[in-house]
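Hydrogens, waters and symmetry mates are skipped; everything else that's a heavy atom, side chains included, is used.
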Amino acid sequence: MSYTRFGAMIVTSTIVMFGLMYLNTYAADHVFYSQTRTWMALYMGAAMAVIMLAYMGAMYRNRTVNIAIVALSVVIFGASLWLLRSQTTVGDVAYMKAMIPHHSIAVLTSERARIRDPRVRALADEIINAQVREIDEMKRLIIELEQAQ
């Protein structure tokens, strides 16, 4: 089996995982590019490369290439995890673009969960109101900050 095909599987899967992270947003207009999700997809893709290579080792027998794949995966995993945890590359606008989908998830789960206890329902409704208000505020700020640049 070709290492090019292996690389294509990893790249394709990483891109698909990045996209799948947006499926739990409440509304389509809550989907913004997120550096945070990029770093998450990269470390998941790196981990998947090592796992797939371990499972399919009989198909990929070049020890030198396998060691290089594992080493590169470890570097990508470490770098993307550091970028995720440090938020070093995330400024004002990137922060809000990452937070809107995050808040949207809270709206989705708070609205659609089968909540029976009235106290929990009241809490969920407060969360919905707060998150929607904050999403609207972040959208306005993004427009203002991007126009000022």
For a quick check under 3.5 Å, do Thr38 and Tyr33 share a side-chain donor-acceptor pair by atom type?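 Result is yes, a qualifying pair exists.
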Would you say [X] and [Y] are hydrophobically clustered, going by side-chain heavy atoms of ILVMFWY under 4.5 Å?
{"X": "Met17", "Y": "Val11", "result": "no"}
{"X": "Leu141", "Y": "Val93", "result": "yes"}
{"X": "Val16", "Y": "Phe18", "result": "no"}
{"X": "Val90", "Y": "Leu145", "result": "yes"}
{"X": "Val74", "Y": "Leu83", "result": "yes"}

For [X] against [Y], the heavy-atom pair lying closest together:
{"X": "Gln131", "Y": "Ala106", "answer": "CG-CB, 3.9 Å"}
{"X": "Ser110", "Y": "Ile127", "answer": "OG-CG2, 3.4 Å"}
{"X": "Val31", "Y": "Tyr22", "answer": "CG1-CD2, 3.6 Å"}
{"X": "Gln35", "Y": "Ala94", "answer": "NE2-CB, 3.5 Å"}
{"X": "Ala49", "Y": "Ser73", "answer": "CB-OG, 3.5 Å"}
{"X": "Asn24", "Y": "Met21", "answer": "OD1-O, 3.0 Å"}

Mind checking the [atom1]-[atom2] spacing from [X] to [Y]? Nearest 0.5 Å is all I need.
{"X": "Leu20", "Y": "Ile15", "atom1": "CG", "atom2": "CD1", "result": "12.0 Å"}
{"X": "Met59", "Y": "Tyr3", "atom1": "CE", "atom2": "OH", "result": "10.5 Å"}
{"X": "Leu84", "Y": "Trp39", "atom1": "CG", "atom2": "CH2", "result": "10.0 Å"}
{"X": "His102", "Y": "His30", "atom1": "NE2", "atom2": "NE2", "result": "13.5 Å"}
{"X": "Met99", "Y": "Thr36", "atom1": "CE", "atom2": "OG1", "result": "9.0 Å"}
{"X": "Ser34", "Y": "Met40", "atom1": "OG", "atom2": "CE", "result": "8.0 Å"}

Partner residues of [X] under the salt bridge (charged side-chain N to carboxylate O under 4.0 Å, His left out) criterion, sequence neighbours left out:
{"X": "Asp125", "answer": "Arg121"}
{"X": "Asp29", "answer": "Lys139"}
{"X": "Glu144", "answer": "none"}

Evaluate the criterion side-chain contact (heavy atoms from CB on, under 4.5 Å) for residue pair Met138 and Lys97; output intermediate values, then yes/no. CA-CA 8 Å; Met138 286 186 281; Lys97 286 183 176 182; over 6 Å; no
The test is side-chain contact (heavy atoms from CB on, under 4.5 Å); show your working for Ile142 and Ile100 and say whether it passes. CA-CA 11 Å; Ile142 288 168; Ile100 290 171; 3.7 Å; yes
May I ask you to test the [X]-[Y] pair for a side-chain heavy-atom distance under 4.5 Å?
{"X": "Leu42", "Y": "Phe77", "answer": "no"}
{"X": "Tyr26", "Y": "Arg112", "answer": "yes"}
{"X": "Met96", "Y": "Glu137", "answer": "no"}
{"X": "Ile10", "Y": "Met48", "answer": "yes"}
{"X": "Leu108", "Y": "Thr25", "answer": "no"}
{"X": "Tyr60", "Y": "Ile69", "answer": "no"}

Listed partners of Val132 passing side chain to side chain contact (heavy atoms under 4.5 Å, CB included), at least two apart: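 So Val132 forms a side chain to side chain contact (heavy atoms under 4.5 Å, CB included) with Val107, Ile128, Asp136.
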Could I get the full list of side chain to side chain contact (heavy atoms under 4.5 Å, CB included) partners for Val75, not counting sequence neighbours?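 Once residues adjacent in sequence are excluded, Val75 has no partner under the side chain to side chain contact (heavy atoms under 4.5 Å, CB included) criterion.
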Give a yes or no on whether Asn129 atom CG has more than 12 heavy-atom contacts from other residues, nucleotides or ligands under 6.0 Å away.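 It does: Asn129 CG has more than 12 such atoms within range.
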Tyr95, OH atom: more than 12 neighbouring heavy atoms under 6.0 Å: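 Result for OH/Tyr95: open.
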Partner residues of Asp117 under the side chain to side chain donor-acceptor pair (under 3.5 Å) criterion, sequence neighbours left out: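 Asp117 satisfies side chain to side chain donor-acceptor pair (under 3.5 Å) with Arg119 only.
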